[in-house]
Protein chains: 2
Amino acid sequence: MVARRATVRDMRRSNRAVLLSKIYLDGPLSRHELTQLTALSPASVSTLVAEFLDEGIVEEAGSVESDGGRPRVLLQVAPTFGHVIGVDVGETRVTVELFDMSMAALAKADYPIERASLAPQTTVKHILDGIAAVSAQAGVDPGDILGVGVAVSGVVDSGDDGLVHAQTLGWDGVPLRSMLRAGTDIPIHIDNGAKTLGQAEMWFGAGRGVQHAVIALVGSGVGAAVVAGGASYRGSRSSAGEWGHTTIAYGGRQCRCGAKGCLEAYVGAEGILDRFRDANSGRVAEGIDEESAIGAIIAAAESSRTAEKVLTETVGYLGAGIATLVNLFNPERIVLGGWAGLALGSRWLPEIRAAAGEHALRRPFSQTEITLCQLGPDAVALGAATLPVAKLLSDGGVRAARGDLDPVRGPRVRLITA
Amino acid sequence: MVARRATVRDMRRSNRAVLLSKIYLDGPLSRHELTQLTALSPASVSTLVAEFLDEGIVEEAGSVESDGGRPRVLLQVAPTFGHVIGVDVGETRVTVELFDMSMAALAKADYPIERASLAPQTTVKHILDGIAAVSAQAGVDPGDILGVGVAVSGVVDSGDDGLVHAQTLGWDGVPLRSMLRAGTDIPIHIDNGAKTLGQAEMWFGAGRGVQHAVIALVGSGVGAAVVAGGASYRGSRSSAGEWGHTTIAYGGRQCRCGAKGCLEAYVGAEGILDRFRDANSGRVAEGIDEESAIGAIIAAAESSRTAEKVLTETVGYLGAGIATLVNLFNPERIVLGGWAGLALGSRWLPEIRAAAGEHALRRPFSQTEITLCQLGPDAVALGAATLPVAKLLSDGGVRAARGDLDPVRGPRVRLITA
DNA sequence: AGACTTATTTCATACCATAAACTCGAAGTG
DNA sequence: CACTTCGAGTTTATGGTATGAAATAAGTCT
């Protein structure tokens, strides 16, 4: 319904993209298997693979013995075809990490940040320094870097400036992409941290093999990455999936967003601590960070009735929140993550499932698995690094142009040589 | 990422679909305008339009005077190219309606139904009788009917049998499509009634011109039709958009679905009446249907503090429910409908907007319009009738084969003649 | 009547996926 | 060891496709 017009070149790019994605995500595969998986003819697979080999993006990876026929030659995306960088702009640090095409981490740089001094300029400097540092550290020519993916904890407009709106950082409309472009000509991709983590789980973690999933993240904040039909669901302005501020208890606890009764006010770390404080006559472990405090409450669940009660309630609220996702998005799988989500989930997953089942409609609930994230919170940078890879795959393996803005629209200018 | 392989024929079909959809949805348009709107070259537009004219699916519709050049010839989809039938299987009646391609209603048949006797067989008989009746009534050759769209109030599996699961009808896995196919060879399309109503609003009502929208329906039940990127969002098993049973008040009122605190238990017609009963010491108008009862409460809002209080609360809950849609789906527009939704909305839309604003995140809320449905509840059959039209458009104007199952997969068999 | 303007069509061209025929590399077979 | 069989991959001829450039159509304006 929204399909764009297609030219004969689009067809080529599209088929290259299909083929390359299969090789990357499900490889190593033989040409023969590829014909079956992509529905392309053997002739086309042969031609396209020959192009890929020629360009160096795909390489042979051994072969499979046959029982009486020519052996199959396996193909994979060449890990050394290029490198990508993933950046995680967190609230306490900027992490920059360099990967090869197989997403093996080759170098890492960390820039701790003074709370409340996360000026955009400082962040940009850290990112640019980090790019230089990890490139040097791994001995990679910057010209060999396909792209940089940046994950921020806020909403990222899809426009050209890469406008970032991040309440927790105090950013409102920071043109992060433009700012970075002034310091490097490597293509920049920016996205929300929850979405990049979701992307990482989809490719390499608990989301593998599924087309519709919601990665539900519970930490200090509460958010979700929605994947529909294999692609990130962004809504009209890329802010879809703001799960934490759905109303779960009308007229209930005050949330930091200003509203009352948000899910985050109940199952976010602060919400849990607040409720524990309320239930425990104001007494709560002081002087330690949120993560340790939550850990302490969880540890106390065996012995303390108060802790147990608060966490049981938390499980209930979380289940109801998950039920909302099930009812509205009808995913095949819900992947629970975030540090608090994992802490709760690794101990009470069956109870969370049961609570979700009580609040969700039977049919969609029975069609939804609920599992835990597999990659841990460091995967934000990994997920960010998948952004340039995803771009490369969807472009059919054609490197993005350097320095420039997005590719020229309209007819391509043809150079006339002699 | 999920793109299928493409052949040159796919390209043709895709471009035909793009062009035909534009002509249908935004026509009449000239060839020249079409080249700009579709990004196709003038040459291609010319060729494809010539094909359409030849096939009779598109016709000329006058021309536009020029100020000094050749006048543009306007094109539109020929209203008489074919006919479509829309069926609304409601809880009290089966409505069958016949339209031409311009969605002008040409004939209608109604089959009232005894409550609680909605056996699938009876329904099928009503539908088949209705098809015959409206065809005869309008003097349309059944062979000239492109397809029948059927709207049911339940979940419809996307599989080949058209399995319908409708709790309110007591249907669990009724193979409606297979059953209908035994009685007619006209292609059958089945979908959920909320989704067909949403489709009607998107094409002809309050959803025009928007790519991301949620049509929020409040009646006896509460549901939503989600449109993302111009297409219906279905989730993995077509049950996405079950808005009515999202938890809005944890631990709150008992809902007929079995859970507690569902939105439907507060803003659904029954929920409103129950809450009014509770607030009014058990007194409520008896012996009249739900719709009149709600109307009576709304009428009493001016004079009765109880009615006013209940409805103000309703507006609050509804706003919170809408906020959940805004936060999770980030649509451009929310269209409020359903008989109760319209009754509330036509009187308290500003208050509903305000309540939604209190519960939604500022940014996505500011990017979302909230409006009312324009078509009324009869549009369910109209929306159902758009299903075969949508199929025709996405196939680029190639009629679906009669009688058979879905088109053969794999290589087409070629007949060898002489 | 001629100049000009804008819409549409025609035609030569480049590009594409594909079927069918063919080659390649191994295991079996007498 | 020749020869067959089998399955994987490649080459080639072909028909289908959109497109740019040039031509044509159909008006207005002076």
Side-chain angles (χ1 to χ4, degrees), chain A residues 3-19 23 28-54 58 60-75 396 398 410-414 416, chain B residues 3-19 23 28-54 58 60-75 396 398 410-414 416:
Chain A
R4 286 219 58 66
R5 69 94 190 253
T7 76
V8 89
R9 259 109 158 183
D10 297 328
M11 193 168 64
R12 182 66 147 210
R13 180 175 34 220
S14 155
N15 282 339
R16 281 179 57 116
V18 168
L19 204 51
I23 298 175
L29 290 166
S30 71
R31 291 172 181 80
H32 188 80
E33 290 164 316
L34 285 168
T35 62
Q36 300 176 322
L37 292 170
T38 63
L40 281 162
S41 69
S44 302
V45 171
S46 191
T47 316
L48 292 176
V49 165
E51 274 185 27
F52 289 144
L53 289 171
D54 206 48
V58 162
E60 300 194 345
S63 60
V64 158
E65 330 113 35
S66 75
D67 45 335
R70 180 175 172 174
R72 306 175 176 189
V73 176
L74 294 179
L75 303 162
V398 179
R412 203 62 53 89
V413 177
R414 201 180 292 161
I416 303 185
Chain B
R4 285 218 59 66
R5 68 93 190 255
T7 76
V8 282
R9 257 105 159 188
D10 297 329
M11 192 166 65
R12 183 67 146 207
R13 180 174 34 220
S14 156
N15 282 338
R16 280 179 59 116
V18 168
L19 205 51
I23 298 174
L29 291 166
S30 71
R31 293 174 180 78
H32 188 78
E33 291 163 316
L34 284 168
T35 63
Q36 301 175 322
L37 292 170
T38 62
L40 282 162
S41 70
S44 302
V45 171
S46 190
T47 315
L48 293 177
V49 166
E51 274 185 26
F52 289 144
L53 289 171
D54 207 50
V58 163
E60 299 194 346
S63 59
V64 157
E65 330 110 37
S66 75
D67 44 335
R70 177 175 175 173
R72 307 173 175 188
V73 176
L74 294 179
L75 303 161
V398 179
R412 203 63 54 89
V413 176
R414 200 181 291 162
I416 303 186

[X] [atom1] - [N] [atom2] separation (whole Å):
X	N	atom1	atom2	result
Met11(A)	dA18(D)	CE	P	9 Å
Arg31(A)	dT11(D)	CZ	P	10 Å
Gln36(B)	dT8(C)	CD	P	10 Å
Glu33(A)	dA8(D)	CD	C1'	11 Å
Leu74(B)	dG27(D)	CG	P	14 Å
Arg16(B)	dT17(D)	CZ	P	10 Å
His32(B)	dT5(C)	NE2	C1'	12 Å
Leu19(B)	dA18(D)	CG	P	10 Å

Exercise for the section: Could I get the full list of side-chain contact (heavy atoms from CB on, under 4.5 Å) partners for Thr47(B), not counting sequence neighbours? Expected result: Arg12(B)
Problem - Nearest-neighbour nucleotide for the Arg72(B) side chain, dC16(C), dG9(D), dT8(C) considered - result: dT8(C)
Problem - Closest non-hydrogen atom pair, Pro42(A) against Thr35(A) - result: CA-CG2, 3.5 Å
Practice task
Mind listing the closest non-hydrogen atom pair of Asp10(B) and Arg5(B) along with its distance?
Solution key: OD2-O, 3.7 Å
Problem - Positive for side-chain contact (heavy atoms from CB on, under 4.5 Å) with Leu75(A), one of Leu34(A), Leu29(A), Val45(A) - result: Leu34(A)
Phosphate-side-chain proximity, [X] and [N], N/O vs OP1/OP2 below 4.0 Å:
X	N	answer
Arg9(B)	dC16(C)	no
Arg12(A)	dA17(C)	yes
Asn15(A)	dC16(C)	no

Practice task
Would you please test Glu60(B) and Leu74(B) for side chain to side chain contact (heavy atoms under 4.5 Å, CB included) and show each step?
Solution key: CA-CA 6 Å; Glu60(B) 299 194 346; Leu74(B) 294 179; over 6 Å; no
Exercise for the section: Taking only heavy atoms on the protein side, list every residue of residues 39-47 of chain A lying under 4.0 Å from any atom of DNA chain C, sorted numerically. Expected result: Leu40(A), Ser41(A), Ala43(A), Ser44(A)
Handout entry: Leu19(B)/Asn15(B) under side chain to side chain contact (heavy atoms under 4.5 Å, CB included): CA gap, chis, key distance, verdict
Key = CA-CA 6 Å; Leu19(B) 205 51; Asn15(B) 282 338; over 6 Å; no
Practice task
Decide yes or no for Met11(B) and Val8(A): does some side-chain heavy atom of the first lie under 4.5 Å from some side-chain heavy atom of the second?
Solution key: yes
Fill in the blank from the handout: On DNA chain D, more 5' by nearest nucleotide between Ser30(A) and Asp10(B) is Ser30(A)
Practice task
Indicate for each nucleotide in nucleotides 23-30 of chain C, in 5' to 3' sequence, whether protein heavy atoms under 4.0 Å reach the base (B), only the sugar-phosphate (S), or nothing (-).
Solution key: -BBBS---
Completion exercise
Value for CD (Gln36(A)) from OG (Ser30(A)), rounded to nearest 0.5 Å, stands at 8.0 Å
Problem - CD on Glu33(A) to CD1 on Ile23(A), rounded to 0.5 Å - result: 11.0 Å
Practice task
Give one of base, sugar-phosphate or nothing for Ala6(A), where a contact means two heavy atoms less than 4.0 Å apart.
Solution key: sugar-phosphate
